[in-house]
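Just so you know, these numbers use all the heavy atoms, side chains as well, and skip hydrogens, waters and symmetry mates. Whatever order the structure lists them in is the order used to number ligands and atoms, beginning at 1.
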Amino acid sequence: MAARTDQTTDPALLQSLLQARRGTAFFARKLNELTDADLDGPSLLPGWTRRHITAHVGYNARAIARLIEWAATGIETPMYSSPEARNQEINFGATLSPIALRHLFDHSAVHLNVEWRDLPADAWHHKVKTAQGRTVPAEETVWMRTREVWIHAIDLDNGATFSDIPAPVLERLLKDVTGAWHARGTDIGLLVKVTGTDPALGDTNAANQTTITGPLPALVQWATGRGTTGVTAARDNQVLEQVPAAPKWI
Ligand code: ZN
């Protein structure tokens, strides 16, 4: 018989699951505020309508559910068969009727939640592979989903902002993004600093640093390539007229 509660008892993992579930509920709320006609409108992502966002978030849940099935069974099932297949699936999903699109989001979210809930405690440590080819423990899928639902709720462009995202999620996002820059060496001379806190993130050893400062939500908005509102850039104690674009994240 399927369990009605999470199999894991790890408090940190249960907390992460809560953030993912809250994010999913938040995305659902923003999606439900949109009329069927609104779905045809543009999102914050270039070239994508709200239909593309919704289809992507739905198929992302299915792809992550495949990783959980992999962790549970040991039978390798990748997120997507190829990057092209992933993109084709999104483009197809964007053509679905509004009701089918909404069902895709709802059903895929419920399915993923059941997969998470029923995953035996030990299997959360089993290794799976992300779409980018990283080998991670199954527990990483919770964070992968968390950032998708929170950020893409904002991308729907009907009122959600980075201030709606819980601070722990914002903090991890900023670490994620600056970590990705560092791994690629694209953060040369770039420092990121949350107003009123220490220390800064980024290239802390550089001589000629550009420091980007702002409240945490504004910094994450900038770092994820979604605008420069609320952040300032400075070099040698001079405020720059233009905030430079953040290096690519994903
Ligand atoms: Zn995404």
Side-chain angles (χ1 to χ4, degrees), residues 16-17 19-31 34 39 41-68 78-96 101-102 104-113 115-116 128-134 136 140-158 160-162 164-166 169-170 172-181 183-184 217 220-227 245-250:
S16 304
L17 282 163
Q19 298 289 25
R21 287 165 178 153
R22 280 187 181 149
T24 303
F26 184 68
F27 186 94
R29 177 148 71 84
K30 298 316 289 180
L31 178 60
L34 294 167
L39 292 175
S43 75
L44 290 185
L45 295 186
W48 272 18
T49 65
R50 290 167 172 146
R51 290 170 155 277
H52 290 88
I53 299 282
T54 308
H56 164 52
V57 170
Y59 291 130
N60 169 265
R62 287 195 184 164
I64 291 178
R66 284 194 278 277
L67 294 187
I68 298 306
M79 290 182 75
Y80 306 102
S81 55
S82 69
E84 295 74 31
R86 170 190 175 275
N87 295 338
Q88 269 174 20
E89 189 177 48
I90 294 167
N91 287 330
F92 163 75
T95 68
L96 291 171
L101 206 50
R102 292 177 194 276
L104 169 63
F105 167 74
D106 289 339
H107 292 173
S108 62
V110 168
H111 176 216
L112 173 60
N113 199 39
E115 292 287 342
W116 273 341
V128 294
K129 212 184 289 170
T130 70
Q132 286 81 31
R134 276 192 314 135
V136 297
E140 179 78 9
T141 62
V142 180
W143 172 245
M144 288 160 59
R145 181 62 176 170
T146 299
R147 61 187 196 190
E148 288 294 314
V149 284
W150 283 109
I151 292 182
H152 290 317
I154 295 164
D155 291 334
L156 285 175
D157 197 20
N158 64 324
T161 70
F162 281 83
D164 291 314
I165 302 182
V169 175
L170 287 173
R172 185 151 179 200
L173 271 171
L174 195 57
K175 278 202 192 107
D176 237 38
V177 177
T178 54
W181 295 342
R184 287 190 209 121
V220 176
Q221 176 176 40
W222 168 81
T224 57
R226 284 163 171 84
K248 236 172 85 72
W249 170 30
I250 288 177

Return all protein N, O or S atoms below 2.8 Å from the Zn ion (ligand 1), chain by chain in residue order.
His56 NE2, Glu148 OE1, His152 NE2

Have His52 and Thr49 got a donor and an acceptor in their side chains that come within less than 3.5 Å?
yes

Please determine if Arg147 and Glu140 form a salt bridge, counting it only when a charged side-chain N lies under 4.0 Å from a carboxylate O.
no

Quick one: list whatever passes side chain to side chain donor-acceptor pair (under 3.5 Å) with Trp150, sequence neighbours left out.
none

Any residue meeting side chain to side chain donor-acceptor pair (under 3.5 Å) with Arg226, in chain and number order, not counting sequence neighbours:
Asp155

Of all residues at least two apart in sequence or in a different chain, which pass the side chain to side chain donor-acceptor pair (under 3.5 Å) check with Arg66?
none

Under 30°, 30 to 60°, or over 60°: which ring-plane class applies to Trp48 and His152, parallel, tilted or perpendicular?
tilted

